[in-house]
S.K.: 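Here you go, one structure.
In what follows, every heavy atom counts, from backbone to side chain, and hydrogens, waters and symmetry copies are set aside. In this chain, residues are counted from 1 in sequence order.
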Amino acid sequence: MSPSDISLIKTGTHYFLHLVFPVFIALIFFRENWKKAYFILLATMLVDADHLFAHPIFDPNRGSIGFHFLHSYYAIAVYFLLLFFKGNIRIIGVGLLFHMLTDFQDFYFWPH
């Protein structure tokens, strides 16, 4: 496989996990209000606003986890604690943790 093919698959996987896979999370875990849950899961992508404070904003050789303040290990611990609440807070926690997992795999499971 050529580097451009790998890059295309990596990008496709990243955006699939950010935009499409949350539908399945919403349908499986929040079936009664899956549409609302899906939009909340999508809204958790706003956590990427912390990338705007980095220079450069995007660096393909830099992992988000542990670098950006909303992607820090302390923040991830707080996101984990959100799972112990009910309602929308729990959905936010699930979305933020899944976002961190997506960013983690994007950097550590693919060549860069």
S.K.: Test of understanding: clusters of I, L, V, M, F, W, Y form through side-chain heavy atoms closer than 4.5 Å, transitively. Do Met1 and Leu8 belong to the same one?
M.R.: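 Not linked; separate clusters.
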
S.K.: Among residues at least two apart in sequence or on other chains, which ones pass side chain to side chain contact (heavy atoms under 4.5 Å, CB included) with Pro3?
M.R.: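 Testing Pro3 for side chain to side chain contact (heavy atoms under 4.5 Å, CB included), a comparison that skips the adjacent residues, returns none.
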
S.K.: Starting from Val78, can I reach Met100 by hopping between I/L/V/M/F/W/Y residues whose side chains sit under 4.5 Å apart?
M.R.: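 Result: no, two separate clusters.
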
S.K.: Supply the members, apart from Phe58, of the Ile/Leu/Val/Met/Phe/Trp/Tyr cluster built from side-chain contacts under 4.5 Å; use none for a lone residue.
M.R.: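 Members alongside Phe58: none; it stands by itself.
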
S.K.: For Phe104, what residues pass the ring pair (Phe, Tyr, Trp, His ring centres under 6.0 Å) criterion, not counting sequence neighbours?
M.R.: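 With neighbours one apart ignored, the set is Tyr108, Phe109.
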
S.K.: Quick one: ring pair (Phe, Tyr, Trp, His ring centres under 6.0 Å) partners of Tyr74, sequence neighbours excluded?
M.R.: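 Tyr74: no ring pair (Phe, Tyr, Trp, His ring centres under 6.0 Å) contacts found.
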
S.K.: State plainly whether one hydrophobic cluster holds both Leu17 and Phe24, where clusters connect Ile, Leu, Val, Met, Phe, Trp and Tyr through side-chain heavy atoms under 4.5 angstrom apart.
M.R.: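 Both belong to a single hydrophobic cluster.
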
S.K.: Of all residues at least two apart in sequence or in a different chain, which pass the ring pair (Phe, Tyr, Trp, His ring centres under 6.0 Å) check with His14?
M.R.: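 Per chain and number, His14 pairs via ring pair (Phe, Tyr, Trp, His ring centres under 6.0 Å) with His18.
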
S.K.: Return each pair, listed once, that meets side chain to side chain donor-acceptor pair (under 3.5 Å) where at least one residue sits in residues 42-57; pairs must be two or more places apart or across chains.
M.R.: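 For residues 42-57: Asp48-His51, Asp48-His71, Asp48-His99, Asp50-His71, His51-His68.
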
S.K.: Among residues at least two apart in sequence or on other chains, which ones pass side-chain hydrogen bond (donor to acceptor under 3.5 Å, both in side chains) with Ser2?
M.R.: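 With neighbours one apart ignored, the set is Ser4, Asp5.
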
S.K.: Would you give the length of the straight line joining atom CD1 of Ile40 to atom CZ of Arg90, rounded to the nearest 0.5 angstrom?
M.R.: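 These two atoms lie 13.0 Å from each other.
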
S.K.: Evaluate side-chain contact (heavy atoms from CB on, under 4.5 Å) for Leu101 paired with Gln105, printing each intermediate quantity in order.
M.R.: CA-CA 6 Å; Leu101 180 67; Gln105 71 79 34; 5.7 Å; no

S.K.: Who passes side chain to side chain contact (heavy atoms under 4.5 Å, CB included) against Ile89, sequence neighbours left out?
M.R.: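 Residues passing side chain to side chain contact (heavy atoms under 4.5 Å, CB included) with Ile89: Leu82, Phe85.
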
S.K.: Give me the atom names and distance for the closest heavy-atom approach of Tyr79 to Leu97.
M.R.: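 Nearest heavy atoms, Tyr79 then Leu97: CB-CD2, 3.9 Å.
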
S.K.: Could you grab the distance from atom CG of Leu96 to atom CG of Leu46, nearest 0.5 Å is fine?
M.R.: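 CG of Leu46 is found 9.5 Å from CG of Leu96.
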
S.K.: Quick one: does Thr102's side chain get under 4.5 Å of Asp106's, heavy atoms only?
M.R.: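 A side-chain contact under 4.5 Å is absent here.
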
S.K.: Looking only at heavy atoms, what is the nearest atom pair of Ala54 and Arg62, with distance?
M.R.: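 Closest heavy-atom pair between Ala54 and Arg62: CB-NH2, 3.7 Å.
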
S.K.: Run the side-chain contact (heavy atoms from CB on, under 4.5 Å) test on Phe30 and Ile91 for me, step by step, so that the C-alpha distance in whole Å, both residues' side-chain angles and the decisive distance to 0.1 Å come before the verdict.
M.R.: CA-CA 8 Å; Phe30 308 104; Ile91 299 170; 3.5 Å; yes

S.K.: By ring pair (Phe, Tyr, Trp, His ring centres under 6.0 Å), which residues pair with Phe98, not counting sequence neighbours?
M.R.: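 Expected list: Phe21.
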
S.K.: Set out, in order, the CA-CA distance, both residues' side-chain angles and the distance that settles side-chain contact (heavy atoms from CB on, under 4.5 Å) for Phe29 and Val94, then state yes or no.
M.R.: CA-CA 10 Å; Phe29 295 105; Val94 169; 5.9 Å; no

S.K.: Under the side chain to side chain contact (heavy atoms under 4.5 Å, CB included) test, which residues partner Ala26, sequence neighbours left out?
M.R.: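 Per chain and number, Ala26 pairs via side chain to side chain contact (heavy atoms under 4.5 Å, CB included) with Trp34, Ala37, Tyr38, Leu41.
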
S.K.: Show which residues join Ile57 in its hydrophobic cluster (side-chain heavy-atom contacts under 4.5 Å, direct or indirect), or state none.
M.R.: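 Listed partners: Leu52.
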
S.K.: Looking at side-chain heavy atoms only, is the closest gap between Phe107 and Ile65 below 4.5 Å?
M.R.: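 Heavy-atom side-chain distance check fails, nothing below 4.5 Å.
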
S.K.: How would you list, by chain and number, every residue that makes a side chain to side chain contact (heavy atoms under 4.5 Å, CB included) with Asn33, sequence neighbours excluded?
M.R.: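 Side chain to side chain contact (heavy atoms under 4.5 Å, CB included) list for Asn33, sorted by chain: Lys36.
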
